[in-house]
Structures are given as structure tokens and as C-alpha cells.
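Inspection log for the structure reproduced underneath, given as C-alpha cells.
So that the names make sense, note that chain A is the first sequence line, chain B the second, and so on, each numbered from 1.
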Number of protein chains: 2
Amino acid sequence: MKPRGRRPGVEDTRERILTTARHLFAERGYERASMRAIAAEAHVDPALITHYFGSKQGLLTEALKLPLDPSVILSVVAQAPPADRGEQLVRVLVDTWEQPMVLRHFLGMLRTGASHEVAREVMQQTLHDSVQAAVAALVDDDPDRRSALVMTQMAGLAFTRYFLQMPDVVAFAPEELARAIGPSVQRYLTEPLG
Amino acid sequence: MKPRGRRPGVEDTRERILTTARHLFAERGYERASMRAIAAEAHVDPALITHYFGSKQGLLTEALKLPLDPSVILSVVAQAPPADRGEQLVRVLVDTWEQPMVLRHFLGMLRTGASHEVAREVMQQTLHDSVQAAVAALVDDDPDRRSALVMTQMAGLAFTRYFLQMPDVVAFAPEELARAIGPSVQRYLTEPLG
DNA sequence: AACTTAATTCATCACTCGTTGAATGACGGA
DNA sequence: TCCGTCATTCAACGAGTGATGAATTAAGTT
């Protein structure tokens with residue numbers, strides 16, 4: 001007994017809505033990215049969004065899901081000799097963030113998370129998952145505290161460079177960042193904690 | 001020819017509006033903190049806000065002005081011996097941020113800046129002014145690059161601890177933060193840049 | 001072809017928003 | 001006392017919001 005009638009999913013409209021939603025959430029934040037604006041830019045009727053995602057909140061939840069697999073980062077960093085892992089971690093993360101798709105997703109989380117409880121929790125969870133997992137596998141003791149310290153440094157780099165776009169931070173080339181900040185991260189990984 | 005008629009400014013209503021505006025901007029962000037909501041919490045008619053500040057935008061601009069004098073921070077840090085200045089800078093900044101009024105102002109800038117161009121520029125300027133000035137007076141060379149690196153670390157600490165409220169970061173006591181992060185800042189101040 | 005299901009559109013509701021302009025009230029100087 | 005100035009309120013407009021439910025169109029299955 002196969003299902004009868006028209007099969008769903010053959011059209012890519014749903015994906016187009018999600019893409020432009022991420023785009024506008026990242027650009028304007030949650031409230032300013034109205035469903036009508038998203039619908040218009042996706043060349044779609046506003047009601048179609050409700051049809052697919054139930055509500056604007058549902059669209060947001062769906063839009064924030066993105067595979068930012070921590071294990072990829074982990075495997076690359078783990079290959080480096082222990083003394084170079086701090087530098088390597090910075091290098092890999094910066095290279096990841098420089099990709100437009102990832103960057104847009106990050107800005108989307110930040111702009112919506114600013115005024116939206118759910119989005120903030122997603123951001124917290126995402127950051128935790130991607131850093132905590134990677135760091136915990138590299139250190140000998142105190143994984144929570146060490147990964148927390150790494151997070152403060154890496155989150156601050158992302159925040160000032162990609163969100164605030166502070167000129168003096170943007171001026172660094174990715175490789176310069178790795179060499180300048182890497183040793184600090186290395187400290188958090190290996191040095192005894194006060 | 002003295003001015004005639006009733007003198008302005010005798011009532012503190014204007015200040016009450018500003019205070020609750022900062023409160024709601026910090027709590028909800030720009031769009032969700034409606035003028036009606038602000039007016040209600042200040043026990044005031046919505047039109048009075050327009051009367052005083054011209055527009056919601058004007059209210060925001062006024063609300064974001066706050067004396068966060070960098071020179072105070074600078075003077076305290078400069079007194080410490082050069083080798084302890086990184087730790088001291090972290091200590092002073094964390095102590096400052098822990099004050100409710102400062103914290104509210106910081107969250108206000110962040111939540112509004114997420115979706116509001118002007119607020120983001122204010123935040124960028126504020127961060128630049130308070131860190132760049134302090135750092136430039138402490139280092140021998142490359143003040144822009146060194147202060148940029150310090151900013152990435154300190155902004156990230158503020159972001160993860162006060163905005164995201166990541167449990168592992170919140171778990172640190174202020175003094176622990178100073179000892180754990182201080183040496184990293186010290187590196188940015190004194191170590192040769194890659 | 002008839003039928004079933006999904007994709008898409010249309011018109012509309014019930015709100016909330018920021019802003020406006022006229023009205024009222026309070027206070028101080030002449 | 002009269003008048004000018006500011007503080008404060010009131011009612012309302014126009015635009016934009018998210019959401020709903022019924023209608024239409026398209027694509028599969030039998």
C-alpha cells in the first residue's frame with residue numbers, strides 16, 4: 001500500500017526559503033527579517049512559509065540547524081604535535097569561519113540570539129559542542145575549565161572580527177592570527193591552571 | 001532679558017525614561033523593547049518619549065551614552081609592575097563588568113547592536129576607546145595590533161560570560177579569571193608579535 | 001479518467017508598532 | 001492676574017506584523 005497522490009519534496013522551494021531566511025536573519029536579525037520580506041526575496045507567497053514551517057519560530061529553528069561537525073576540526077588538530085595544537089586550532093577555526101556559508105550562519109545565530117531566547121540557547125549549545133568536544137580530547141585534566149578558557153578567546157576573535165568588524169582585528173591575515181593567538185590557546189590547553 | 005515661562009528639567013521623568021529604556025533595551029533588544037512598553041514601565045505616556053527624544057532612534061542614541069571612562073582603568077593598571085599588567089587589566093575589567101549598571105549597558109549595546117547599525121558602531125567605538133587607549137599607553141610598539149589582540153580576548157570573555165552565560169565560564173570566580181587569562185593578555189602586551 | 005494528496009495562492013483578521021497634533025495641566029516671571 | 005513655556009495626556013492614523021482558512025493548481029496513483 002504505497003501512498004497515493006502527489007509526492008512532496010520534488011520542488012526545491014522549501015530549501016530556497018530556508019536559504020533566504022538564513023540570509024535575512026543574518027543580515028537583519030529576527031524581528032526585522034519579516035516573513036513577508038523573506039517570502040518576497042524567495043519569490044514565494046508568505047503563507048507558504050507557515051505551511052512548511054508552522055510559524056516564524058519554526059522557520060528560525062529550522063534555519064539555525066547546520067552541520068558544523070566538531071569531529072572534523074578535532075581530527076585535524078589532533079594530528080599536529082601537542083606543542084603546536086593551539087596554533088593549529090586557531091588556524092582551522094579561522095579558516096572555517098572565513099567560509100561565507102559558515103559566516104552567514106554564525107551571524108544569523110548572533111543577530112537572532114540577541115533578542116531571541118531560543119536562538120541564544122542554540123548558539124550556546126553550538127559553541128559548547130564544537131569547542132568542548134575538540135578540547136576535551138586534547139587535554140589531560142580539567143577539560144571543562146580549559147575548554148571554557150579556549151572559548152573565551154575564540155568567541156572573542158569571532159565576535160570582534162566578523163560581527164563588530166573592528167578594523168585592527170580585520171587587518172590580521174588568518175595566518176598571522178594563528179601565530180599571534182595560537183600560543184595563548186596553547187597555554188589554556190597545557191599550562192597548569194592557577 | 002531672562003527666559004520667561006516654566007523652566008525645563010525640574011522633573012526627573014526624563015531620567016526615569018532613560019533608565020527604564022536602558023533596562024528594556026538590554027533585556028529585549030531594540031525592536032522588542034517597544035516605546036509603549038518602555039512608557040508603561042516608566043509610568044508615562046508613550047507620546048512623552050517622542051516629546052523628549054524626538055524618536056525611538058533618538059531615545060536609543062541617548063540611552064547608549066554612558067561614561068565608561070578609560071582613563072580610570074588605565075591609571076590603575078599602569079601602577080602595577082609591567083610584568084603583572086596583563087593580570088591586572090583582566091582583574092580591573094572583570095570587576096568593572098560585574099557592576100549591574102555597567103553590565104546592563106553592555107548587554108544593551110549588544111542586544112540592540114545585533115539588529116541596529118548605529119548601535120553596533122557605538123559598541124565598536126566604545127570597545128575601541130576603552131581598550132585601545134589603555135593598551136597604547138602600556139606597550140612599546142605596535143599599539144594597534146597589540147590592543148586588537150587584547151580586545152579579542154577580553155571581548156570574548158565578556159561575550160561568553162555575560163551574554164551567552166556559558167556555565168563553564170560563569171563558574172570561574174573573578175580572581176581565577178585574572179590568574180588564568182592574565183598571562184595571555186600579558187603575552188599580547190609584551191611578547192614579540194609573530 | 002477519477003481520485004488523492006501536496007504545493008501554492010488569495011483575501012483577510014486581529015494586533016502592535018512608531019508617530020502626530022491637538023488638548024490639558026502645572027509652574028514661574030512680569 | 002495674565003501670559004508664556006514646558007510637562008503630560010489623549011485619541012487616532014497609517015503602516016506593517018504573524019497567522020488563518022478557504023480556494024486553486026499541479027502532480028502523482030489507481
Side-chain angles (χ1 to χ4, degrees), chain A residues 1-22 24-25 27-64 111-112 114-119, chain B residues 1-22 24-25 27-64 111-112 114-119:
Chain A
M1 44 174 70
K2 297 176 180 176
R4 317 203 299 179
R6 182 179 186 172
R7 315 314 281 295
V10 288
E11 310 293 341
D12 56 15
T13 312
R14 201 189 130 101
E15 280 307 314
R16 199 170 68 248
I17 293 175
L18 271 178
T19 303
T20 73
R22 291 200 188 92
L24 283 191
F25 280 148
E27 195 171 292
R28 310 185 185 177
Y30 184 73
E31 4 275 337
R32 287 177 119 88
S34 69
M35 300 180 67
R36 284 175 166 85
I38 295 173
E41 195 159 314
H43 304 101
V44 147
D45 190 278
L48 194 56
I49 300 182
T50 305
H51 172 66
Y52 275 130
F53 304 98
S55 65
K56 190 183 183 182
Q57 169 69 235
L59 172 63
L60 173 67
T61 307
E62 203 75 17
L64 288 187
R111 294 235 161 82
T112 59
S115 66
H116 216 274
E117 183 71 18
V118 177
Chain B
M1 44 175 68
K2 297 176 181 176
R4 315 204 298 178
R6 182 178 185 173
R7 305 312 203 45
V10 287
E11 310 295 339
D12 57 14
T13 313
R14 200 188 131 102
E15 281 308 314
R16 200 170 67 246
I17 293 176
L18 271 179
T19 303
T20 74
R22 292 200 188 93
L24 283 190
F25 280 147
E27 194 172 292
R28 311 186 185 177
Y30 185 72
E31 4 276 335
R32 287 178 120 89
S34 69
M35 300 180 68
R36 284 175 164 87
I38 295 172
E41 195 158 316
H43 304 100
V44 149
D45 189 278
L48 192 57
I49 301 182
T50 305
H51 172 66
Y52 275 130
F53 305 98
S55 66
K56 189 181 183 183
Q57 169 68 49
L59 172 63
L60 174 66
T61 306
E62 204 74 17
L64 289 187
R111 295 234 161 82
T112 59
S115 66
H116 217 272
E117 182 71 20
V118 177

Whole-Å gap separating C1' (dA22(D)) and CG (L48(A)): 16 Å
Check this one for me: any side-chain N or O of H51(A) less than 4.0 Å away from OP1 or OP2 of dA7(C)? yes
Within the pair T13(A) and dA7(C), is there a side-chain N or O less than 4.0 Å away from OP1 or OP2? no
State whether the distance check finds a donor on one side and an acceptor on the other, under 3.5 Å, for side chain R36(A) versus base dG18(D). yes
Is DNA chain D part of any stem, that is, at least 3 consecutive Watson-Crick or G-U pairs with both distances under 3.5 Å, and where? C:1-6 with D:25-30, C:8-26 with D:5-23, C:28-30 with D:1-3
Quick one: do the T61(B) and Q57(B) side chains pair a donor with an acceptor below 3.5 Å? yes
What pair of heavy atoms forms the shortest contact from R16(A) to H43(A), and how long is it? NH2-O, 3.8 Å
Whole angstroms only, please: what is the CZ-C1' distance between F53(B) and dT8(D)? 14 Å
Is R111(B) reaching over with its side chain to a backbone N or O of S115(A), donor-acceptor style, under 3.5 angstrom? no
Is Y52(A) near enough to dA6(C) that one of its side-chain N or O atoms lies under 4.0 angstrom from OP1 or OP2? no
What is the separation between atom CD on E31(A) and atom C1' on dC15(C), rounded to the nearest whole Å? 16 Å
Between C1' on dG18(D) and CE on M35(A), what's the gap in Å once rounded to a whole number? 6 Å
For I49(B) and dC17(C), what is the distance between atoms CD1 and P respectively, to the nearest whole Å? 12 Å
Report yes if some heavy atom in the side chain of L59(B) is under 4.5 Å from a heavy atom in the side chain of T50(B); otherwise report no. no
List in chain and number order the residues that pass ring-ring contact (aromatic ring centres under 6.0 Å, His included) with Y30(A), two or more places apart in sequence or in another chain; answer none if no residue qualifies. F25(A), H116(A)
Rounded to the nearest angstrom, tell me the gap between atom CG in D45(B) and atom P in dT24(C). 15 Å
Kindly give the heavy-atom pair with the smallest separation between L60(B) and A119(B), and that separation in Å. CD2-CB, 4.4 Å
Nearest-nucleotide pick for A47(A), side chain only, options being dT20(D), dT19(C), dT9(D): dT20(D)
In whole angstrom, what separates R28(B)'s CZ from dT16(C)'s C1'? 13 Å
Check the phosphate of dT17(D) against S34(A), side-chain N and O only, distance under 4.0 Å to OP1 or OP2. Yes or no? yes
Starting from C1' on dT9(C), measure out to NE2 on H43(A) and report it in whole angstrom. 16 Å
Would you check if the side chain of R28(A) reaches a backbone N or O of A33(A) as a donor-acceptor pair within less than 3.5 Å? no
